[in-house]
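Since the structure comes first, as structure tokens, the remarks are kept for the end.
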Protein chains: 2
Amino acid sequence: MSAKRITWQSLHAEVSRRISDGLWKPGDLIPGEVDLAAEFGCARATVNRALRQLAQEGFLDRRRKAGTRVALHPVRKATLDISITRREVEQSGQVYSHKTLRRKQKSAPKHIQNIMGETQAAPLYLTTLHQAGKKPFMYETRWVNTDMVPNVLDADLTQISANEWLVENALFSKGEITFSAANASDAEAKILNVATGTAIFIIDRVTWNGPNVVTIVRLAYTPSFQMSTKI
Amino acid sequence: MSAKRITWQSLHAEVSRRISDGLWKPGDLIPGEVDLAAEFGCARATVNRALRQLAQEGFLDRRRKAGTRVALHPVRKATLDISITRREVEQSGQVYSHKTLRRKQKSAPKHIQNIMGETQAAPLYLTTLHQAGKKPFMYETRWVNTDMVPNVLDADLTQISANEWLVENALFSKGEITFSAANASDAEAKILNVATGTAIFIIDRVTWNGPNVVTIVRLAYTPSFQMSTKI
DNA sequence: AAGTGGTCTAGACCACGTC
DNA sequence: ACGTGGTCTAGACCACTTT
């Protein structure tokens with residue numbers, strides 16, 4: 001007779017069950033790591049691993065000295081996988097293609113300059129239409145800081161999209177993503193082949209390397225687009 | 001003379017730096033845990049913790065036997081904090097209030113039934129307007145499975161919103177969130193005090209407990225709303 | 001002051017997946 | 001088959017925060 005070895009996953013599941021069964025209710029203080037380790041007959045590190053995971057998922061609130069409580073307001077953390085557009089399209093079983101509509105080195109408008117700051121060389125302005133099959137899928141408007149990525153000017157962006165090229169060739173350290181909804185402008189509507197004013201899902205992204213902006217991009221998706229995640 | 005103790009965070013930062021400095025490029029095989037532990041003079045568990053974190057963030061791909069590589073296509077995982085609406089409003093420095101517009105137990109329309117399945121009792125239909133100050137902030141349309149949460153019928157939802165009540169009183173095990181954009185219908189436009197057709201940010205959420213749907217909710221935000229996250 | 005979670009160590013065994 | 005990451009242990013010390 002040998003007891004099964006406890007894994008942090010099984011502990012995670014058990015604690016999870018106790019919460020969703022209402023055995024431990026929101027706000028309740030649950031036993032400390034040492035106690036749980038004793039109850040389950042495992043090392044404290046294993047308990048820690050399981051509880052840390054649950055806390056990260058928003059089910060528990062943990063504080064030194066105060067102990068671990070079942071989250072009162074489970075701030076649900078939805079994790080979205082932002083993959084490159086080609087993948088996104090191909091995973092839906094369609095053929096991906098893209099075409100560069102504009103590509104020009106020119107001075108940025110004020111609202112872009114405000115974010116990008118002063119640059120030595122003029123930034124590169126790129127607009128790209130991404131297609132699923134023969135239908136428009138997403139319209140991309142991008143500014144690239146050529147100070148940070150000078151060789152983008154020589155890159156062949158017909159085979160590989162700007163996004164993919166930058167991912168593999170530009171260095172970045174952090175980014176910020178914003179999701180919103182907007183009515184399609186005349187220009188966007190025409191490109192995406194929808195009526196002006198159609199509600200469009202927008203993703204804005206700014207990418208930095210250290211203190212410097214690498215690229216600013218706005219993605220406008222076709223109306224059918226939606227972004228899903230499990231929690 | 002004593003060297004500073006290595007923490008997993010410092011290791012995380014160092015590996016992160018080597019990637020963003022281009023020392024280790026996308027696709028590169030990086031040293032194994034044992035080697036890194038030797039290089040940094042720490043335990044393998046510490047290296048593991050740092051690399052596991054980086055993998056979870058999408059910067060590394062790890063496979064047994066194959067080793068650890070810098071991610072070729074960094075599937076960036078954006079983590080959104082979905083907090084309850086009251087918090088959201090209050091954190092922007094405004095006064096939160098809500099009012100229930102409709103509250104009725106009735107049979108669900110087909111598209112809701114398709115998700116919720118057959119229920120013994122008729123579900124509860126609730127519509128709520130959430131306000132920031134005196135302005136509309138978000139319009140909520142909700143179906144609650146009364147088989148799963150019978151006492152919701154007796155709950156006083158004037159002081160506390162349905163969302164908050166359910167969070168504290170209903171049990172759930174998993175959920176699915178979908179983000180999209182939609183043009184405001186006449187009804188929605190009127191309630192949110194915008195023009196019909198205005199682009200609206202939509203969050204749809206379905207919550208289960210085990211195999212059963214607990215609640216289905218659709219949140220329609222005012223146009224100025226946007227959702228941000230750092231990566 | 002004291003209790004709780006946070007982390008590190010050194011060693012061990014295991015599971016998976018590539019070779 | 002075997003190398004690599006995945007995980008567990010037992011013990012230790014530390015950091016934070018509340019009492």
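Protein chains get the first letters and strands the later ones, always in sequence-line order, with residue 1 at the start of each.
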Under 3.5 Å side-chain donor-acceptor pair for [X] and [Y]:
X: A:Arg142; Y: A:Thr127; value: no
X: B:Asp156; Y: B:Thr158; value: yes
X: A:His130; Y: A:Tyr139; value: no

Distance-minimising heavy-atom pair for A:Leu36 and A:Pro31: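 Heavy atoms of A:Leu36 and A:Pro31 come nearest at CD1-O, 3.7 Å.
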
Take B:Arg62 and B:Glu33, measure what side-chain contact (heavy atoms from CB on, under 4.5 Å) needs, and give me the verdict at the end. CA-CA 11 Å; B:Arg62 318 196 71 197; B:Glu33 296 191 347; 2.8 Å; yes

For residues 11-57 of chain B, which residue pairs pass the ring pair (Phe, Tyr, Trp, His ring centres under 6.0 Å) check, not counting sequence neighbours?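 Not a single pair qualifies under ring pair (Phe, Tyr, Trp, His ring centres under 6.0 Å).
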
Any salt bridge (charged side-chain N to carboxylate O under 4.0 Å, His left out) pairs touching residues 220-231 of chain A, not counting sequence neighbours? A:Lys230-B:Glu176

Is any side-chain heavy atom of A:Ser228 closer than 4.5 Å to a side-chain heavy atom of B:Ile177?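 The answer is no; the side chains never approach within 4.5 Å.
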
Do B:Asp147 and B:Asn212 touch side chain to side chain, with heavy atoms closer than 4.5 Å?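 Not in contact.
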
When you check the gap from the basic side-chain N to the acidic O, do A:Glu90 and A:Arg87 get nearer than 4.0 Å? no

Short N-O contact, A:Glu140 and A:Arg218, less than 4.0 angstrom: no

Members of residues 27-37 of chain A that approach DNA chain C, where some heavy atom sits under 4.0 Å away: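 Heavy-atom contacts with DNA chain C come from A:Gly32, A:Glu33.
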
DNA chain C-proximal residues of residues 46-56 of chain A, any heavy atom under 4.0 Å: A:Asn48

Looking at CD of A:Glu14 and CG of A:Asp21, how far apart are the two atoms once the value is rounded to the nearest 0.5 Å? 8.5 Å

Phosphate-side-chain proximity, A:Thr68 and C:dT4, N/O vs OP1/OP2 below 4.0 Å: no

Are any protein N/O atoms closer than 3.5 Å to N/O atoms in nucleotides 16-19 of chain C? If there are, list each pair with its distance.
unit_1, atom_1, unit_2, atom_2, d
C:dT18, OP1, B:Arg63, NE, 3.4
C:dT18, OP1, B:Arg63, NH2, 2.8

Hey, where on DNA chain D does chain A first and last touch, going 5' to 3'? Cut-off is any atom under 4.0 Å from a heavy atom.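 Contact boundaries, 5' end first: D:dT7 to D:dT18.
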
Quick one: on DNA chain D, does A:Cys42 or B:Gly67 contact a more 5' nucleotide (nearest heavy atom)?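 The answer here is B:Gly67.
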
Begin with the C-alpha distance, continue with both residues' side-chain angles, and end with the deciding distance and a verdict on side-chain contact (heavy atoms from CB on, under 4.5 Å) for A:Val214 and A:Trp143. CA-CA 9 Å; A:Val214 176; A:Trp143 293 89; over 6 Å; no

